[in-house]
Amino acid sequence: MPQAQGAMRSVWDGVYTSAQADKGKALFGDNCAKCHGGTLDGNDEIPALKGSHFMADWESQTAAELINRVHTTMPMDDPGKLSTPSATSVVAYLLQQNGIPAGNSELTDLTASQARIDAQKPGS
Amino acid sequence: MQNRKVLIRRLSSVAAIALAPFILASQSGAQTAPYGQPSTAKGDWYMYFADPTGSRYLPFDQINASNFNKLEVAWHFKTDQLGAHPEYKLEGTPIEVNGTVYTTAGSRRDVVALDAKTGELKWVYSMNEGLRAAVAPRQLSGRGVSYWTDGKGDDRINYITTGYRLVSLNAHTGQPVESFGEHGIVDLKVGAYHGVIGQPGKYEQIDLVTGEIGLHTTPTVVGNTILVGSSFKEGSQPLEQNNTKGLTRAFDARTGKLIWTFHNIPQQGEPGYESWEKNSADFNGNTGTWSGITVDPVLHSVYMPIEDPTDDAYGGARPGNDLYGDSVVCVDLDTGKLKWYFQATHHPIWDYDMSSPPLLMDVNIDGQPRKIVAVPTKQAFLYTFDRITGKPIWPMPEKPVPQTNVPGEKTSKTQPFPTKPAAYARQQIATDDLIDFTPEMRAQAVDIVKKYWKMSPMYGPAVVSKVGGPYGTMDIGTLGGGTNWPGASFNPETHVVFAPAANNGVSMMGLVEPPAGLTDLKYLEGIGGQPFRINGGPGFGSSSDAPKVSDDDRRLAAALAAHPQTAVEAPPPRAVNGLPLVKPPYGLLTAINMDTGDTLWQVPNGDTPDEIRNNPALKGMTIPRTGMGAQDGVALTKTLVIQGDGQYVTSGGHPRGAYLRAYDQKNGQEVGAVWMPAPQSGSPMTYSYDGKQYIIVAVSGGNYSGDYLAFSLPGGN
């Protein structure tokens, strides 16, 4: 059954592709790792981008909001450098690194606004 | 001339505004016009910490235990449009004087004046500082502003820009005060200096644009004096041993003229210089006064909390006790001359700083009235002294502490240990402090510590981090523990201190040799086997100004290009299933009776945050209230301690958010909580205007950008 347009899904429902996450990984390495670390573990006051603190920060927000945050404020020394498609790939990588599985459809502007971030797989 | 006319016209509106207190006065029956000096008795929260003693206390109780849950958002001020992009770490505490709220906000650190009843924007002042702000060590919106008045209508707002300029603004118009400094501005970088390598006793002015110094704490204004401290990049990894030197200065509030300078690192011939062996005082920097300065105007005494020298974790290039590193220093308000000092940490290498404004209290000890100063700390000791003599109120013996094995380092044999009040949060980590939700988790934590980290009693020095372990000494309170910049508070009527503290701020103190060519420091903080990284520090690189340059990053990139580094293994673990290595409570709120030094009560600061309660490893378990390991400041009314959650909590049928909580000052019981869309990120304040009491708190974090929320009780007036 195709999803009704506008229906909210969970990020656990396969909302990005592995290829996107790979692209995001490269972008992360070039733009984000110098502060957040190659393993996303943060450093002192620089927040980790994986784990329960990060997921609690974004719980019940949409992936679009996280993309917007990356696009408008990161990297801190050059905000706006990552285009929305690039920020989307970075977010796909972050989802992957937080144990959320890839699927068959790409994360896009539209699907991201309908993808709710859940710290844990719903119903698990 | 044109400007002058504008000024005169605006000044004429001062008369209209000055009528407001007259109305207030006729209602309260307490005061008559003119408004004169602001005071907490009138309902003003007129300094960052309410008043010059640092109390964070307002003697009002319209908002109390019986009605706290009825609080509503009276207005809010979203800061997104200030600066070039939104800010997610809003840390200001506004001030309020006679119906106007003043604060800093936004990623350019603008100043705003808001109507205290409605939040309506009255004026905004903004300075575009370009490169000077882009490279500033302390960025973001800062912690707020200061107020000065001659009591007759010349009312001013003082603040420090991202690029370290002291600005004096007309409180009614937001225009710079022409007669102050140069057109309202004093360049604080003028007079900041560093040493000259190889030439002891010689000092050099820093570059006015790129030289490293700044401040995000508010200046302290008392009488006609403005006190200004100094701050640098986060100290764990400075790239110059010979960094800019910390200093504390006083300026004339009317003219901006420099009155005195206190050298936080003594110069040749000044007392304390000899505490740096081998003339090392001349070739070390930092040692700033980055936290709030408090003042006793009757004693003409200034109390300054001073931080670590260069750098936070290795002191091989500065053998000795290194005064006035990690000291509370008392100087004369008029001359800046030293009255007394106390060094809480000798030869500082733990990042303990002195991170909180000293609290100036009048209490009764053994039946005798005493003027004391109590300094909350990252160590979770409340160091307490007679504030006239500097003598400890309760014994503070020097005790032996662990010694270093790092090449070139020389630790102090002893450190002072207060016997009273008792420590109000964890000071060291032993096996019994490790996570124990289940026996398996405890076993896992014990295993992680054994394999990777070094447990130590308090004052465990850093180790050289190496593959195979230990990767670092487990310390607590050094970076993120105890009481940090939000400080504590006290009720001057009951003589009780209310101290918030993080209780899970574990730091793994490891040192590595930095990549060749990067710095003249032998060791910097780092983890063996991992590529060297620079901790940017909170907010660094986030100012509104362009071009964005991080000289440190460029230097690191060049050094790593010449000597590439790759990780030889996965980073050593610091958590168990994503949960902190230490067991709850993660944060505490403590009440201490300062007549006796006894702890009255201690409770977790708030609920269990989502990141703990939603952790899959704890599924199905009942977790007691853990509190939060956050730096959460408080405000006091006559009867309540007000403190917001520093982390996200979803509970009570509300959407995800956080709670502003009220605790009964008598027993610590939570007597009310109101929902907020995001965690508290700046300490709350409260004021009363036109018969109504308000609470303002800065919230931000996660996905939520900076917002000042003002709460009051329902019903108009």
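Here is how names work: the chains are called A, B, and so on, in the same order as the sequence lines, proteins then strands, and each is numbered from 1.
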Novice: Just verifying a value: how many Å separate A/L27 CG and A/Q20 CD, rounded to the nearest 0.5 Å?
Specialist: 11.0 Å
Novice: Any side-chain donor-acceptor pair under 3.5 Å between B/K78 and B/S705?
Specialist: yes
Novice: Going from CG on A/D41 to NZ on A/K50, what distance comes out if it is rounded to the nearest 0.5 angstrom?
Specialist: 7.0 Å
Novice: Rounded to the nearest 0.5 Å, what separates atom CG in A/D30 from atom NZ in A/K34?
Specialist: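 Reported value, rounded in 0.5 Å steps: 11.0 Å.
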Novice: To the nearest 0.5 Å, what is the distance between CD (B/E525) and CG (B/L511)?
Specialist: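 So the CD of B/E525 and the CG of B/L511 are separated by 7.0 Å.
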Novice: For B/D353, enumerate each residue passing the salt bridge (charged side-chain N to carboxylate O under 4.0 Å, His left out) test, keeping only those at least two apart in sequence or located in another chain.
Specialist: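 B/D353 satisfies salt bridge (charged side-chain N to carboxylate O under 4.0 Å, His left out) with B/K378 once adjacent residues are dropped.
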Novice: For B/E87, is it the side chain, the backbone, both, or neither that has a heavy atom closer than 4.5 Å to a heavy atom of chain A?
Specialist: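 Interface part for B/E87: neither.
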Novice: Can you measure from CD1 (B/I612) to CG (B/L579) and round to the nearest 0.5 angstrom?
Specialist: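 Reported value, rounded in 0.5 Å steps: 5.0 Å.
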Novice: For B/Q81, look at atom CD and say whether over 12 heavy atoms of other residues, nucleotides or ligands are found less than 6.0 Å away.
Specialist: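 12 or below, so no.
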Novice: Who in residues 88-100 of chain A is close to chain B, using a strict under-4.5 Å heavy-atom cut-off?
Specialist: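 Listed by number: none.
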Novice: Non-hydrogen atoms of chain B under 4.5 Å away: do they reach the side chain of A/A48, the backbone, both or neither?
Specialist: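 When you check distances to chain B, no heavy atom of A/A48 falls under 4.5 Å.
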Novice: When only pairs under 4.5 Å are counted, which of B/G578, B/P571, B/P609, B/G701 shares the most heavy-atom pairs with chain A?
Specialist: B/P571
Novice: Under 4.5 Å, counting heavy-atom pairs only, tell me which of A/M55, A/E59, A/E65 racks up the most with chain B.
Specialist: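 The option with the most such pairs is A/E59.
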Novice: Using non-hydrogen atoms only, which part of B/P616 is less than 4.5 Å away from chain A: side chain, backbone, both, or neither?
Specialist: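 B/P616 touches chain A through backbone and side-chain heavy atoms alike.
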